Amino acid sequence: MNFTADGRADNQNRLIGLVFVVGFHVLLVWGLMNGLARKAIALLPEPIETKIIEDVKPKMEEPPPPVPEFEPPPLPYIPPPDIVIAPPPEPPKTITQVTVVKPEAPPPPPAPPMPAREAVRVAPKIDYDGSPRGCRKPNYPAASQRLEEQGTSRIRLLIGVNGKVAESGVEKSSGYPRLDEAAIRAFSTCKFTVGTVDGKPEPTWFRINYKWSLEDE
């Protein structure tokens, strides 16, 4: 057989590969053996301790006394209530006859009241006779003449049923109290015809406007 140089090289390569494979398997087996040995040691169980336990017998408790039986007292007898059923109410009687009532005629309106009759009044009148004791013209006060006081005094007089002045007063002044007082003083002495209402004498107010003028003096 003839071996060439290429054939020698192939044989050497195969030998090296075989040696490498065998060495790898040897290392692998060695490593597995060492690892399994350690795990086996680690997995060994620990020593078991044993203790002697005495049997403890439970104490027997005495049974409780029996519960006395009591019979319940008999229920009191209650008589049933008396139920009275009232008869149904009678139906209302129907009205078979209808009477038509005609409304009464309204009363006539009342007659209008008679108009009140106005009373007939007669005013009093002054009785001026010019006598010293009767009604006279008022005297012009001397002080009013010197001061030239003039004006119109409007006075009111209440004439009683006897014809005399019962009350007096100034309704509108002349502007000078001295002239107003002189007019009241003079006319309060006068006699009057009594005023009447429907022919009957009644007290009546009487008004007088008296003009004071220096030209008439």
Side-chain angles (χ1 to χ4, degrees), residues 78-217:
I78 300 175
D82 295 334
I83 300 175
V84 179
I85 301 175
E90 296 181 359
K93 296 180 180 181
T94 57
I95 300 173
T96 57
Q97 184 177 1
V98 178
T99 303
V100 178
V101 179
K102 295 182 180 180
E104 297 180 358
M114 296 295 293
R117 186 180 61 84
E118 294 184 1
V120 179
R121 297 178 179 274
V122 178
K125 295 180 181 180
I126 188 170
D127 294 336
Y128 181 74
D129 55 3
S131 61
R133 296 184 179 181
C135 186
R136 59 183 183 275
K137 180 181 177 180
N139 295 326
Y140 214 118
S144 297
Q145 291 180 0
R146 289 194 305 271
L147 297 175
E148 298 183 352
E149 296 177 349
Q150 301 182 98
T152 301
S153 299
R154 185 176 183 180
I155 62 176
R156 58 181 181 176
L157 306 171
L158 180 61
I159 310 304
V161 294
N162 57 359
K164 296 181 179 181
V165 177
E167 188 177 345
S168 61
V170 178
E171 192 168 277
K172 184 177 180 181
S173 175
S174 62
Y176 303 98
R178 190 174 16 248
L179 296 178
D180 299 335
E181 293 175 0
I184 291 174
R185 186 167 50 252
F187 288 108
S188 295
T189 60
C190 295
K191 184 74 174 177
F192 292 83
T193 301
V194 181
T196 59
V197 178
D198 290 339
K200 296 180 179 180
E202 286 191 2
T204 310
W205 284 100
F206 184 77
R207 290 171 175 81
I208 299 176
N209 292 325
Y210 186 78
K211 182 178 180 181
W212 299 92
S213 177
L214 295 174
E215 295 179 358
D216 298 337
E217 295 297 325

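The shown structure was predicted, so the numbers you read here are calculated from the model rather than taken from an experiment.
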Exercise for the section: Determine, stepwise, if the pair Y210 / F187 fulfils side chain to side chain contact (heavy atoms under 4.5 Å, CB included). Expected result: CA-CA 10 Å; Y210 186 78; F187 288 108; 3.9 Å; yes
Problem - G195 versus T204, closest heavy-atom pair with distance - result: CA-OG1, 4.0 Å
Fill in the blank from the handout: Closest non-hydrogen contact found for L179 with P141 is CD2-CD, 3.8 Å
Handout entry: Nearest-0.5 Å distance that lies between atom CZ in R185 and atom OG in S168
Key = 11.0 Å
Practice task
Please check if the side chain of D180 supplies one atom and the backbone of S153 the other of a donor-acceptor pair under 3.5 Å.
Solution key: no
Handout entry: Closest contact, heavy atoms only, L157 versus S188
Key = CD2-OG, 4.3 Å
Exercise for the section: Inspect the surroundings of CZ in R121 and state if more than 12 heavy atoms from other residues, nucleotides or ligands are less than 6.0 Å away. Expected result: no
Practice task
For residues G169 and I184, report the shortest heavy-atom separation together with the two atoms involved.
Solution key: C-CD1, 4.0 Å
Handout entry: Straight-line distance of R207 CZ to I155 CD1, nearest 0.5 Å
Key = 11.5 Å
Exercise for the section: Please report the C-alpha distance between E167 and W205 in whole Å, then the side-chain angles of each, then the deciding distance to 0.1 Å, and finally whether the side chain to side chain contact (heavy atoms under 4.5 Å, CB included) criterion is met. Expected result: CA-CA 9 Å; E167 188 177 345; W205 284 100; 3.9 Å; yes
Practice task
Any pair with a residue in residues 140-161 that passes ring pair (Phe, Tyr, Trp, His ring centres under 6.0 Å), sequence neighbours left out, goes on the list, sorted by first then second residue, please.
Solution key: Y140-W212
Handout entry: Main-chain N/O of L214 paired to Q145 side chain as donor or acceptor, under 3.5 Å
Key = no
Practice task
Ignoring hydrogens and angles, tell me if any N or O in the side chain of S213 forms a donor-acceptor pair with the backbone of K211 under 3.5 Å.
Solution key: no
Handout entry: Side-chain H-bond candidate by donor/acceptor type, T152 with N209, under 3.5 Å
Key = no
Completion exercise
Contacts satisfying salt bridge (Lys or Arg N to Asp or Glu O under 4.0 Å) that involve residues 138-162 (not counting sequence neighbours) are E149-R178, R154-E171
Problem - Over all atoms of both residues, closest heavy-atom pair of S174 and G151 - result: CB-C, 3.8 Å
Handout entry: Spacing of CZ belonging to F192 relative to CD1 belonging to I159, to within rounding of 0.5 Å
Key = 4.0 Å
